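Being a predicted model, the structure only gives us computed values, none of them experimental. Naming: A, B, ... by sequence-line order, numbering from 1 per chain.
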Protein chains: 2
Amino acid sequence: MDKTLKRMATMQRMQVTGLELFYKNGYYNTSVDDILKELSLSKGAFYYHFESKEDFFIQIIENLLVRKMYSMLIEPIEGHENTLDLITSCFEEALETAVHNELDFGFVLSNFVNEFNGKNERIMKHLNDILRIWEANLVSAIQRGKFNGYIDRHVDSEGVAVYLMSAYIGVRTLMVEIAPSARKYRFMSQLRQYFKSLEPKRDNSLNHQTVYGSAN
Amino acid sequence: MDKTLKRMATMQRMQVTGLELFYKNGYYNTSVDDILKELSLSKGAFYYHFESKEDFFIQIIENLLVRKMYSMLIEPIEGHENTLDLITSCFEEALETAVHNELDFGFVLSNFVNEFNGKNERIMKHLNDILRIWEANLVSAIQRGKFNGYIDRHVDSEGVAVYLMSAYIGVRTLMVEIAPSARKYRFMSQLRQYFKSLEPKRDNSLNHQTVYGSAN
DNA sequence: ATTTAAACCGACTATCAAGTCGGTTTATTT
DNA sequence: AAATAAACCGACTTGATAGTCGGTTTAAAT
């Protein structure tokens with residue numbers, strides 16, 4: 001096999017297995033040897049390809065986590081239809097993978113935020129970057145929804161974005177142990193309820209000020 | 001000093017400092033020596049009073065975390081007024097302590113859930129117990145709100161409870177790094193918006209089925 | 001004052017994990 | 001076939017930390 005190909009293949013295998021184990025057991029609770037044992041590789045191979053465990057992890061963030069966040073939580077809502085529907089089905093799908101205990105990258109992200117917060121500034125910087133991208137993307141989706149008439153124009157786009165991310169991250173935390181499927185269902189129907197309240201009010205324009213923007 | 005008093009005092013000091021450090025740096029990232037150094041005590045003192053680090057932590061959960069959860073997130077909403085207002089001001093206050101980087105026990109809880117999930121079943125059992133108590137309390141608050149006419153009777157109490165806990169835990173995760181104060185403000189105003197949508201609809205009873213209960 | 005035990009000290013052990021490095025294998029180049 | 005370098009091996013070093021234990025201090029009881 002071509003040497004560069006072999007290099008890429010080995011690094012890829014290490015990163016995939018690394019992310020799996022880091023997700024399952026946490027970064028600090030997963031030793032490099034754990035990953036290597038899984039792959040029947042040695043310390044030498046690892047430190048030949050990566051500078052350090054931390055460096056390894058950052059490459060995982062950049063190569064796997066960022067891409068997956070894009071494909072699961074960012075690109076799916078970049079269409080130009082009703083953005084609230086897009087977000088709904090996007091969350092629906094992401095939470096479904098969570099129910100089946102598969103890797104759900106929105107959660108992986110929030111998990112790592114929890115684990116590294118206050119402990120590793122360098123890694124936090126990378127994680128925060130992803131959060132910011134997610135947030136910015138949600139904000140522009142909401143704004144698009146307003147522009148297209150699916151969302152009331154008085155709605156605070158940034159507020160909704162923060163609220164959505166909060167709710168998503170939170171429900172994933174709650175789903176880890178107790179009744180994930182039931183919690184997903186309940187969560188989703190409350191999300192729909194909340195989205196209903198963001199729709200444009202056409203019937204009575206006098207109510208707008210009281211319903212929205214308690215901006216004091 | 002009385003010996004039993006001294007014993008209690010020392011154990012209390014250890015637990016308070018322990019919780020502080022466990023919260024700040026995480027359980028696995030805080031050594032027993034870290035705590036002891038903070039208190040100018042020795043290993044001997046620690047293992048004289050506690051069986052193990054794990055046992056120590058469980059006592060912290062039972063003695064400090066549970067009590068604080070009660071006083072911050074459970075008892076404040078046990079009044080008999082408008083429960084949505086009670087929950088709002090309760091969250092408002094809890095998040096305000098979070099803004100000032102003080103110990104916010106709802107977050108401490110979710111932090112630990114993240115840290116121990118899949119790693120320590122025994123500790124998780126204790127943490128899940130608290131989550132369940134919180135949830136049960138929220139559910140009965142919502143039901144009380146329905147009974148008192150502050151919340152529409154078609155609302156799914158369990159759904160709202162899960163949604164509230166999710167949102168709270170999530171926003172706390174988001175508040176750890178980026179713009180906590182702004183995020184708190186945005187979160188709270190969206191929460192109020194969501195609560196608005198739970199209020200009884202008196203004007204048009206025909207709309208009920210379409211607004212609520214997409215229970216398919 | 002003496003006894004007794006609770007409370008505490010801190011050196012020590014055992015274990016685990018990150019990272020190093022000299023050596024070996026494998027595949028490509030000449 | 002020989003030379004070369006990338007890829008990999010695994011024993012070893014270093015540092016951290018949970019838990020142990022024999023000894024010392026402190027304060028209550030007699």
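Between Tyr163(B) and Tyr163(A), the ring-plane angle classifies as perpendicular under the 30° and 60° cut-offs.
Residues passing the side-chain hydrogen bond (donor to acceptor under 3.5 Å, both in side chains) test with Lys68(A): none are found, sequence neighbours excluded. For Tyr27(A), the ring-ring contact (aromatic ring centres under 6.0 Å, His included) criterion is met by Phe22(A), Phe57(A), Phe116(A), not counting sequence neighbours. With sequence neighbours left out, the side chain to side chain contact (heavy atoms under 4.5 Å, CB included) criterion links Leu86(A) to Ile77(A), Glu81(A). Partners of Thr83(A) by side chain to side chain contact (heavy atoms under 4.5 Å, CB included), not counting sequence neighbours, listed by chain and number: Ala141(A), Arg144(A), Ile151(A). The side chain to side chain contact (heavy atoms under 4.5 Å, CB included) test applied to Thr97(B) returns Met72(B), Glu102(B), Asp104(B), not counting sequence neighbours. Residues satisfying the side chain to side chain contact (heavy atoms under 4.5 Å, CB included) test with Tyr150(A), not counting sequence neighbours, are Asn82(A), Asn148(A).
Between the CZ atom of Arg13(B) and the P atom of dA7(C) there is a distance of 14 Å, given to the nearest Å. Remark: C1' of dC9(C) and CE of Met14(B) are 12 Å apart, rounded to the nearest angstrom. Nucleotide dG10(D) holds its P atom 17 Å from the CZ atom of Phe46(A), rounded to whole Å.
For the OP1/OP2 pair of dA7(D) and a distance below 4.0 Å, the side-chain nitrogens and oxygens of Arg7(A) include at least one atom meeting the criterion. An OP1 or OP2 oxygen of dA7(C) is reached within less than 4.0 angstrom by no side-chain nitrogen or oxygen of Thr10(B). Within the 4.0 Å cut-off from OP1 or OP2 of dC8(C), at least one side-chain nitrogen or oxygen of His49(B) is found.
When each of dA7(C), dG19(C), dC9(D) is scored by its nearest atom to the side-chain atoms of Tyr48(B), the top-ranked nucleotide is dA7(C). Taking the side chain of Lys53(B) as heavy atoms from C-beta on, and the options dG19(D), dG10(C), dG10(D), the nearest nucleotide is dG19(D).
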Give me, pair by pair, the N or O atoms of the protein and of nucleotides 20-23 of chain C that are less than 3.5 Å apart, along with how far apart they are.
none

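A heavy atom lying under 4.0 Å from DNA chain D marks the following residues of residues 20-41 of chain A, by number: Ser40(A), Leu41(A).
Taking every heavy atom of both residues into account, Leu131(B) and Met165(B) meet most closely at O-CE, 3.6 Å.
Residue pairs that meet the side-chain hydrogen bond (donor to acceptor under 3.5 Å, both in side chains) test with at least one member in residues 119-130 of chain B, sequence neighbours left out, are Glu177(A)-Asn128(B), Glu54(B)-Asn120(B), Glu54(B)-Arg122(B), Glu62(B)-His126(B).
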